[in-house]
Student: 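Below is a structure I'd like to ask you about.
These numbers come from a predicted model, not from an experiment.
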Amino acid sequence: MSTLMVAEQLGVIAQVGDIRVYRLRNGITERLTEDHTLINYKLKHGLITPEEAERAPGKNVITRAVGHRDYVQVDTMECYVMVGDRFLLCSDGLHSYISDEEVGGFLADGAITDAVQKMVDEANARGGRDNITALAVE
């Protein structure tokens, strides 16, 4: 689960699992969250290389999830929000098929609702073997 609350120029993000939050600002795309997956844990701790992560089994093994236990550690962060910023919150059904680099191209291209539909269509065209959830905010 990922959430984004915006109050004037302040954005607050809360995130658990592998639902990502991206921000497009002035043509630069930034992933604001970190996946809570076994693969990401191994990458962070130098147990595997990025190349090994690409083909490693168990990409969908979640290390933190809502509803799994009575308590879950939630990552939170604040970010400055500017007029014109575009945010994307999306499940692994989307980001497994659309790279971080591609997200910005889609978000920058025209109406935000069209951008989301184009990303979903592209993820499905590339295999779409998982549920796809995507929400864009401007």
Student: Identify the heavy atoms of Ile13 and Cys79 that sit nearest to each other, and give their distance.
Tutor: CD1-SG, 4.4 Å
Student: Between Glu102 and Arg126, is there a salt bridge with N-O shorter than 4.0 Å?
Tutor: yes
Student: So which atom in Ile98 and which in Ala123 form the shortest heavy-atom distance, rounded to 0.1 Å?
Tutor: CD1-N, 4.1 Å
Student: Of all the heavy-atom pairs spanning Leu43 and Ala53, show the shortest one and how long it is.
Tutor: CD1-CB, 3.8 Å
Student: Look up atom SG in Cys90 and atom CG in Leu135, then write down how far apart they are to the nearest 0.5 Å.
Tutor: 10.0 Å
Student: As an exercise, state the distance from CG of Asn40 to NE2 of His45, rounded to the nearest 0.5 Å.
Tutor: 9.5 Å
Student: Check this for me: does any side-chain nitrogen of one of Arg20 and Asp92 sit under 4.0 Å from a carboxylate oxygen of the other?
Tutor: no
Student: Of all the heavy-atom pairs spanning Ser2 and Val21, show the shortest one and how long it is.
Tutor: CB-CG2, 3.7 Å
Student: Looking at Val81 and Glu8, what are the two nearest heavy atoms and their distance?
Tutor: CB-O, 4.4 Å
Student: Supply the atom-to-atom distance Thr29 OG1 to Leu24 CG, rounded to the nearest 0.5 angstrom.
Tutor: 4.5 Å
Student: Start with the C-alpha distance between Glu138 and Phe87, add both sets of side-chain angles, then the distance that settles side-chain contact (heavy atoms from CB on, under 4.5 Å), and finish with yes or no.
Tutor: CA-CA 6 Å; Glu138 181 174 41; Phe87 292 88; over 6 Å; no
Student: Does a side-chain heavy-atom distance below 4.5 Å link Val6 with Val137?
Tutor: no
Student: Is there a path from Leu89 to Met77 through hydrophobic residues (I, L, V, M, F, W, Y) whose side chains come within less than 4.5 Å of each other?
Tutor: yes
Student: What's the spacing between Arg86 CZ and Leu107 CG if we round to 0.5 Å?
Tutor: 7.0 Å
Student: Start with the C-alpha gap between Arg23 and Leu88, add the side-chain angles, then the distance that decides, and say whether side-chain contact (heavy atoms from CB on, under 4.5 Å) holds.
Tutor: CA-CA 7 Å; Arg23 177 180 58 200; Leu88 174 69; over 6 Å; no
Student: Are Ile62 and Val66 linked, directly or through intermediate hydrophobic residues, by side-chain heavy-atom contacts shorter than 4.5 Å (ILVMFWY only)?
Tutor: no
Student: Do you see a donor-acceptor pair shorter than 3.5 Å between the side chains of His36 and Asp75?
Tutor: yes
Student: Rounded to the nearest 0.5 Å, what separation is found between the CZ atom of Arg25 and the OH atom of Tyr80?
Tutor: 7.5 Å
Student: Closer than 3.5 angstrom, by distance alone: can the side chain of Thr76 be matched with the main-chain N or O of Ala14 as a donor-acceptor pair?
Tutor: no
Student: Walk me through whether Leu94 and Met119 qualify under side-chain contact (heavy atoms from CB on, under 4.5 Å).
Tutor: CA-CA 7 Å; Leu94 185 79; Met119 281 188 273; 3.8 Å; yes
Student: Quick check: closest heavy atoms across Thr63 and Leu38, and the distance to 0.1 Å?
Tutor: CG2-N, 3.6 Å
Student: Should the pair Glu52-Lys42 be classified as a salt bridge under the 4.0 Å nitrogen-to-oxygen rule?
Tutor: no
Student: Below 4.5 Å, heavy atoms only, C-beta onward: do Gln9 and Met82 meet side chain to side chain?
Tutor: no
Student: Mind checking the CG-CD1 spacing from Asn124 to Ile132? Nearest 0.5 Å is all I need.
Tutor: 4.0 Å
Student: Do the side chains of Tyr22 and Asp100 get nearer than 4.5 Å, heavy atoms only?
Tutor: yes
Student: Would Asp109 and Lys118 count as a side-chain contact (heavy atoms from CB on, under 4.5 Å) here? Give the steps.
Tutor: CA-CA 10 Å; Asp109 187 26; Lys118 288 177 185 175; 3.2 Å; yes
Student: Quick one, Val74 and Gln15 - any side-chain contact, counting heavy atoms below 4.5 Å?
Tutor: no
